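Beneath this line is the structure, given in structure tokens, with notes to follow.
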Amino acid sequence: MKVSTKGQPAAHAEEIRQYLSFVLGKDAFAVNILCIKEILQFASPTEVPLMPPWLRGVINLRGAVVPVIDLAYRLGRGLSQEGRRSCVVILEVRFGGQVVDIGVMVDAVSAVIDIDARQIEAAPALGGSLQTDFMEGIGKLESGFVIILNISKIFSSGELSALANMQLQEA
């Protein structure tokens, strides 16, 4: 951040935000780096019967049961195919005073990127029944656009509660 000579932030100070960028199919997505716990090489999770198709299963993360979400499927893109660069990104999602660890399957992690807040456009208001509240915005990069996700809004509060209960029951 640029700071004025009096120690106060300058009126037109840049605000650089950091995001982890990743790929789903051919498209670039990102999440705020502050919610990233770790990145794991993809290993098939243990399937849980009678779960929705976007829940690929659970993994054991140092004794904790962590649900693994197929993010592409959750975003309406069909089931992900496991590939050589597939990863599980462990996220800390906050809701209702709780923190839930959720793994999201992505095709490949790209990089940690810095985006000036002025280069982030608000999520488009598409109207009708089209949902865009899961997007924090669209980052404009030299290489193109990156869709910045708000992970806690990809799931309903009931789904987040169920995922939290899954972790508590297995602990």
Side-chain angles (χ1 to χ4, degrees), residues 1-3 7-24 27-42 45 54-56 58-75 77 80 85-124 131-168 171:
M1 181 186 304
K2 291 183 181 175
V3 177
Q8 299 297 322
H12 51 79
E14 295 177 17
E15 184 183 345
I16 303 296
R17 299 176 185 167
Q18 286 193 314
Y19 298 91
L20 177 72
S21 63
F22 55 87
V23 177
L24 293 175
D27 298 318
F29 292 86
V31 294
N32 190 308
I33 197 76
L34 296 176
C35 68
I36 306 296
K37 192 167 185 178
E38 62 187 281
I39 301 167
L40 306 171
Q41 183 175 357
F42 184 79
W54 49 264
L55 181 62
R56 292 291 288 254
V58 295
I59 60 171
N60 180 344
L61 184 64
R62 290 180 293 286
V65 174
V66 176
V68 176
I69 308 305
D70 186 331
L71 190 55
Y73 189 88
R74 184 64 184 171
L75 295 175
R77 298 169 166 258
S80 292
R85 296 184 60 206
S86 296
C87 295
V88 174
V89 179
I90 307 296
L91 306 169
E92 290 182 337
V93 179
R94 299 181 192 290
F95 83 101
Q98 289 185 302
V99 176
V100 179
D101 288 346
I102 297 175
V104 293
M105 180 182 173
V106 301
D107 293 339
V109 169
S110 302
V112 173
I113 56 175
D114 295 330
I115 305 176
D116 186 317
R118 295 175 295 185
Q119 296 303 112
I120 300 173
E121 295 292 327
Q131 181 182 0
T132 60
D133 62 340
F134 64 91
M135 294 178 7
E136 279 185 20
I138 298 177
K140 297 184 287 185
L141 308 174
E142 288 180 19
S143 59
F145 294 112
V146 62
I147 298 170
I148 302 170
L149 300 174
N150 181 336
I151 291 293
S152 63
K153 292 195 176 177
I154 289 177
F155 305 99
S156 70
S157 59
E159 291 167 335
L160 285 172
S161 180
L163 292 171
N165 287 336
M166 178 183 290
Q167 288 178 332
L168 294 175

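Just so it is clear, the model here is predicted, and its values are computed rather than measured.
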Separation between SG (C87) and CG (L20), nearest 0.5 Å, reads 9.0 Å
Taken to the nearest 0.5 Å, the spacing of I16 CD1 from Q119 CD works out to 9.0 Å
Residues R56 and S80: closest non-hydrogen pair is NH1-O, 3.3 Å
Between the CD1 atom in I154 and the CE atom in M135, the distance rounded to the nearest 0.5 Å is 10.5 Å
Rounded to the nearest 0.5 angstrom, the CD1-CD distance for I148 and E136 is 6.5 Å
On a heavy-atom basis, the closest approach of L34 and N32 is N-OD1, 2.8 Å
Chi angles and distances behind the side chain to side chain contact (heavy atoms under 4.5 Å, CB included) call for L55, I69 | CA-CA 5 Å; L55 181 62; I69 308 305; 3.6 Å; yes
Within-4.5 Å side-chain heavy-atom neighbours: L71 and L24: yes
Is E38 paired with R62 through a side-chain N to carboxylate O contact shorter than 4.0 Å?
yes
Taking side chain as C-beta onward, heavy atoms only, is V104 less than 4.5 Å from R74? no
Within a strict 4.5 Å, meaning less than it, do heavy atoms of the L91 and I36 side chains meet? yes
Could you tell me whether the side chain of R85 reaches within less than 4.5 Å of the side chain of V23, counting heavy atoms only?
no
The reported gap from CG in L141 to CD1 in I113 (rounded to nearest 0.5 angstrom) is 5.0 Å
Output for pair (F22 CZ, S86 OG), nearest 0.5 Å, gives 13.0 Å
**Prompt:** Quick one: does F134's side chain get under 4.5 Å of L149's, heavy atoms only?
**Reply:** yes
